[in-house]
Participant: 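Submitted below is the structure of interest, expressed as structure tokens.
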Amino acid sequence: MNLEYLKEFVELAKRLNYTETARALMMSQPTLSKHIGQLERSLKLTLVRRDGNSLRFTNEGGALLPFAYQVLDAVDDFEAKARELRIAPVPKLTISGLTDEGPSTEVLGFLISLLSDKYGTGCIEVKSQYNRNLIDTLEAKEVDVVYDPVPYDETPQDDSLVRLHVSDLHLAAIVSNDHRLAAQDEVSLSDLSDETFAKYEGLYLSRSWGYIEQLCERHGFNPKARSIHCASVAELFTLCASLGKTVLVVGSNFGDRLPAGIRPFCKVLPISDPDAAIPFFFVYRKDNENPVLVDAIRRIEELPTPPLRFGCRDSS
């Protein structure tokens, strides 16, 4: 349906005169008559009828007229909103980091539920950038926030970036089925003090190693480690099938994802210590004035720290 013809139909309804309406619309009367006829054919209805020298609406034309006004009002509102968006786009929060991995999807859901009352459910935009340095990404202003277990030694010392603790991911140990610890249902960190850890490198999970090392030190020992290069999750799964005497410490979510074909070779043991968790942060620029980010940070800071815990045990 041609909206211009609908506008001409409404103008004709105001005057009930082709000549006056055509003059008001700055068009010829034959052109106006032709457009109204085309509108009638598209609707398969007669809208106006000549009665001698006068013009009157048919019952169908009169019934459709209020809806014509509604359509044209909606078009006006649509165009006004488009103009508004050109001047001030809809505010969004762009996030990158570990946004496709395990409990990270829960974090995205948390953000949407936190902000949707004010900004709608489409307020979050995810940009997957596994291979980009988070500092470079933030300093280039490509995203508003990065979700990551970023160690303190990777953040600038000039306080240009802020880290906000938003979740904890509890740890699990994966051992071969013939390992001495495989007979247990869970382990403590002290059980691992004499073991050799697999220190995975070349994968984004390697960023967690610093926290694992600090955790072991807090529990009284320096972990022995054997560096293993893993370029993908598939290689990490392969490692689980051939650990030998090595212990692999990972987030509990990774243990839950072990494929059935690999489980006969190894066992996932939850680590019982309440503090055996990797902290995850929102990292953002201090000078970022995006109202969605400012609002999100304010609301998160009003919640318990951290607001999200995955596979974590009650420290009480």
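Throughout, residue positions are numbered sequentially from 1 according to the sequence presented.
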Participant: Ignoring hydrogens and geometry, is there a side-chain-to-backbone donor-acceptor pair from H165 to T305 under 3.5 Å?
Facilitator: no
Participant: Can you tell me if T246 and R226 form a side-chain donor-acceptor pair at under 3.5 Å?
Facilitator: yes
Participant: What pairs with N288 under side-chain hydrogen bond (donor to acceptor under 3.5 Å, both in side chains), at least two apart in sequence or on another chain?
Facilitator: D144
Participant: Taking side chain to side chain contact (heavy atoms under 4.5 Å, CB included) as the definition, give me every residue that meets it alongside S242, ordered by chain and number, with sequence neighbours left out.
Facilitator: none
Participant: State, without any angle test, whether T19 and Q29 hold a side-chain donor-acceptor pair at a distance under 3.5 Å.
Facilitator: yes
Participant: Run the ring pair (Phe, Tyr, Trp, His ring centres under 6.0 Å) check on Y147 and F281 step by step: do they pass?
Facilitator: CA-CA 6 Å; Y147 177 67; F281 303 90; 9.3 Å; no
Participant: Checking S176 side chain against H179 main chain: does a donor-acceptor pair fall under 3.5 Å?
Facilitator: no
Participant: Any ion pair linking K118 and D295 (charged N to carboxylate O, less than 4.0 Å)?
Facilitator: yes
Participant: F237: which residues meet the ring pair (Phe, Tyr, Trp, His ring centres under 6.0 Å) condition with it, sequence neighbours left out?
Facilitator: F254
Participant: Taking side-chain hydrogen bond (donor to acceptor under 3.5 Å, both in side chains) as the definition, give me every residue that meets it alongside D117, ordered by chain and number, with sequence neighbours left out.
Facilitator: R299
Participant: Run V10 and K7 through side chain to side chain contact (heavy atoms under 4.5 Å, CB included) and show every step you take.
Facilitator: CA-CA 5 Å; V10 168; K7 291 178 182 177; 5.8 Å; no
Participant: Does a donor on one side chain sit under 3.5 Å from an acceptor on the other, for S28 and T31?
Facilitator: yes
Participant: Among side-chain atoms of Y5 and S42, is any donor-acceptor pair under 3.5 angstrom?
Facilitator: no
Participant: For residues S252 and F310, determine if any side-chain heavy atom of one lies less than 4.5 Å from a side-chain heavy atom of the other.
Facilitator: no
Participant: With the 4.5 Å side-chain cut-off for hydrophobic clustering, are F57 and F67 part of the same group?
Facilitator: no
Participant: One thing to verify: whether E20 and R23 come together as a salt bridge, which I'm taking to mean a side-chain N less than 4.0 angstrom from a carboxylate O.
Facilitator: no
Participant: Evaluate L248 against F197 for side chain to side chain contact (heavy atoms under 4.5 Å, CB included), listing each step before the verdict.
Facilitator: CA-CA 6 Å; L248 179 64; F197 290 66; over 6 Å; no
Participant: Can E195 and R180 be counted as an ion pair, charged N to O under 4.0 angstrom?
Facilitator: yes
Participant: Hey, mind stepping through I174 and L258 against side chain to side chain contact (heavy atoms under 4.5 Å, CB included) and telling me if it holds?
Facilitator: CA-CA 10 Å; I174 301 179; L258 280 183; 4.2 Å; yes
Participant: Side chain to side chain contact (heavy atoms under 4.5 Å, CB included) with L3: which residues, sequence neighbours excluded?
Facilitator: L6, V71, V75
Participant: Partners of E235 by side-chain hydrogen bond (donor to acceptor under 3.5 Å, both in side chains), sequence neighbours excluded?
Facilitator: none
